[in-house]
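For reference, the structure discussed in these notes is given below.
Residue numbers begin at 1 in each chain, while the letters A, B, ... track the order of the sequences.
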Amino acid sequence: MPTYSPSDIEARWQAAWDEAGLFRATRTADKPKYYVLEMFPYPSGRIHMGHVRNYTMGDVIARYKMATGHNVLHPMGWDAFGMPAENAAMAIGGHPKTWTYDNIADMRAQMKPLGLSIDWSREFATCDPEYYGQQQSLFLDFLEAGLVYRKNAQVNWDPVDMTVLANEQVIDGKGWRSGAEVERRELTQWFFKISDMAGELKSALDGLENWPAKVRLMQDNWIGESRGIEITFHRTDGNGTIQCYSTRPDTMRGASFIAIAPDHPVAKALEADRPEVAAFVDACRRMDTTEAAMEKAEKKGIDTGLTVKHPVYDDIELPVWIGNFVLMDYGTGAVFGCPAHDQRDLDFARKYDLPVRNAFYMPGDMTDVATEALVPAKTETVSFIDHFADITDVTSQEAIDATIDWFEARGLGVGQKQYRLRDWGLSRQRYWGCPIPVVHCDTCGVVPEKKENLPVVLPDDVDFSTPGNPLDRHPSWRQVPCPKCGNGARRETDTMDTFVDSSWYYARFTAPRAETPTDLEEAGYWMNVDQYIGGIEHAILHLLYSRFFARAMQITGHLPETAIEPFDALFTQGMVTHEIYQTRDAKGRPVYHLPEEVSDGKLADGTEVEIIPSAKMSKSKKNVVDPLGIIANYGADTARWFVLSDSPPERDVEWTASGAEAAYKHLSRVWTICDRIGAMDKDAPGSGDEDLLRAMHKTIHDVTMGVESFGFNAAIAKLYGFTATLQKSRAGYGAQREAVMTLAQLMAPMTPHLSEDIWAHQGGKGLIATAPWPVADDAMLISDTVTLPIQINGKRRGEITVPADMDKTEVEALSLASEPVQKALAGGVPKKVIVVPGRIVNVVV
RNA sequence: GCGGGCGUGAUGGAAUGGUAGACAUAUCAGACUUAAAAUCUGAAGGGGUUCGCCCCGUGUGGGUUCGAGUCCCACCGCCCGCACCA
């Protein structure tokens, strides 16, 4: 047999799997189903190591589940709409559509050599009219169900991408993709009513036991529940009321002003008659264009001259101010200011000389608030000053609850939960996205497109020579008859946020060619996704939107009731990182070098490079390793083995040339062992058969546990260990053959090609991919004797080997008789002896 | 500021409260070779040693326990998420 030659092996077995149709999923009644899904890729045109790691993990699970008797669905598709296609069209010419489909073809060709157990017959791209047409159909159903609406709102405007962003897409005041400072603009936009489900999306997090706690917590914080009360303040001029939301009604006695948002209706009403108010409101709008500026902006206000009555103390009147810090879209857009117990209110009060009144003091310290607000922790007890609800000796939280009850009982306010989560704005002023299927008619208003007219297909003849939305400039595409009255009308030119596309693709995979968005029977069988795998960067956006969509699809009859939460288990994998190699040019600017240009810390011309610690692979830093190169040199199995080794899957793994080399060496070693065993004398007696088989069963046990618990690195360590044992074994042919075939099976989820080859060489029946997973024999896991460490006062001082089933008292007697214990006792009597059967003996002297 | 996580050899990392450092990398030594590479075998936390062993050791300090990397408390450092949210 020649040396290990992955390129021959891999192509051959991939063909064999294809021919057997091994990964094509169909419904069956005789096996439990298992749906494993990795977050589908954006077709950038090239796969990177992150993809390799992500899909390899999913593939390990899929192949393992297949071997353990599951009916596995493991699909793949393309998250194909989005800005890069348009940017490419603008930068290098061409069309987003050609660019995208060419990339998909390239990437599919790059992925196939990895030998993933994917059902390619279910493949689709979100930019296929077949897919986005169904998405438009969903949109219309959501619209009818009141889950989508249109409103005029302040939106986050990305001035570089020239489009609107969702709140979730604004990071540190900058666009998530362009990095540009986000501006506020007022536009009419479509919104998903995700905020209606805030409470449900939050409370259901508790049920997601197989999600990382971190992701649940991030979503929890993002949804952000607060309990409080909406209190009615009556205007002293008799012109109605102002509603204020507060989480601290217990400080009501200290209320000394009301602050309303610049866009509050009361403020807007004053603009016409009061130029100084209009000027202030206008300044608020113009000055605070960027999110970043808003965060730093000084707290400013203007007195409206209006006053309201204190809801409890009739004799107190509170001035109404407009404050630049009050947000119209949180709570009621109006707050009461209690300077004594809120730092921001105190700063505001000192600046504008408003009264500061304590509602309570710390026990034993009746000092009035001066420059620092008195804010007790929820569990702290404070001394209230003649509190109207008559509370004494209660914690801050109890005071809040009692006050809410008191207000509600008198009809002065209503207890409420308030969420931070806002509705999801989905309109984007882009070409390369799913058209929003509505028509604007001068007589009928906004009219949904008729379902029989779906899909509303993107026009191909568009011009990218100027920035902005080419659909807007298209000569004819917009002109359509109104679906209602038939008169001339205009198509909506906004397209959907690309996060809409990825919010339901998992459901579409269950019936990718259905003529409705989903097929309830297929979805009922395959959903939910049993194991979802992807990056932590989607902890909020994609996963929250998908959870909303699953609920919305259920309401509109597109998913069965069982599929409320789409992803039963979630695993967030770490990135693949690499060192960065840098030199400086004549002007001292950094110049980066690809890993293959560097050896021994030097370039080919001998220049030393500066090594910058490992970071996410990125083209700009040139710290990238191309999977195709690795596969060409070492084969897919080596790449797969490496990305699973060394680091726990949830953590980052650093790609090193030596590590990749080591993976290849190991696979070669396994190959050589298989070869050696094949050449063995079949009848020659061996020695140590039982030891080898015991080690084998222990490995079956450990690797199974490792794969089940996403401990791939630990499983691989055990496989290294067993390989070394097998390599040194002098056991007979039968035992060695059994050992190497089991080794191949245990490695098969990670290195499927090599495993198939070993299996075939050793005369295994059929394909290893379909062979049932080995089961550890419990009897072989228990040995006859066991070596127990002996501790004296908790420190290891020796060991004894005893029969595994030896009685506890006998073990104790033997331990006491052992040399180290005798030495430590020096003729005395131990204070205590602890014997943990099969584990350890501890003697306290 | 609020919420959460993590600190283990030169490096990546193992370790249901039970022999800390598995496995891998890098390093060193040996075998094979004219030599190198490849391959194989072995060493290796720090310090001491009369070569029997002994002492110290999982960020720091305390605690619980027969026994703590693991549990509890405080502190230090790093990382992540959120933040004008009333």
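- Here the side chain of A:Gln727 is nearest to one of B:rC40, B:rC85, B:rA14, namely B:rC40.
- Judged purely by distance below 3.5 Å, without hydrogens or angles, the side chains of A:Gln243 and A:Tyr245 never pair a donor atom with an acceptor atom.
- Rounded to an integer number of Å, the gap from CG of A:Asn221 to C1' of B:rG1 is 14 Å.
- Between B:rC80, B:rA86, B:rG81, one nucleotide has an atom nearer to the side chain of A:Tyr245 than all others, and that is B:rA86.
- Listed by chain and residue number, A:Glu168 satisfy the side-chain hydrogen bond (donor to acceptor under 3.5 Å, both in side chains) test with A:Trp222 (two or more places apart in sequence, or in another chain).
- Distance from the side chain of A:Arg422 is smallest for B:rC85 among the nucleotides B:rC55, B:rC85, B:rA86.
- Regarding A:Arg216, its CZ atom lies at a distance of 12 Å from the P atom of B:rG5, rounded to whole Å.
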- prompt: For nucleotides 17-31 of chain B, read 5' to 3', which letter fits each nucleotide if B means a protein heavy atom sits under 4.0 Å from the base, S means only the sugar-phosphate is that close, and - means neither?
  reply: -BB--BSSSS-----
field: Pairing annotation in dot-bracket form, given for RNA chain B with Watson-Crick or G-U pairs under 3.5 Å and | for cross-strand partners
entry: (((((((..(((.....[....))).(((((.......))))).((((....))))..(((((..]....))))))))))))....
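- Protein atom CE of A:Met705 is 15 Å distant from nucleotide atom P of B:rA14, rounded to whole Å.
- Paired with A:His666 under the rule ring pair (Phe, Tyr, Trp, His ring centres under 6.0 Å), one option of A:Tyr720, A:Phe722, A:Tyr4, A:Phe642 passes, and it is A:Tyr720.
- For A:Arg797, no side-chain nitrogen or oxygen approaches OP1 or OP2 of B:rC53 to under 4.0 Å.
- Base orientation of B:rG9: syn (glycosidic angle within 90° of 0).
- In B:rG62 the O4'-C1'-N dihedral to the base is more than 90° from 0, which defines an anti nucleotide.
- A donor N or O paired with an acceptor N or O is found under 3.5 Å between the base of B:rA86 and the side-chain atoms of A:Arg344.
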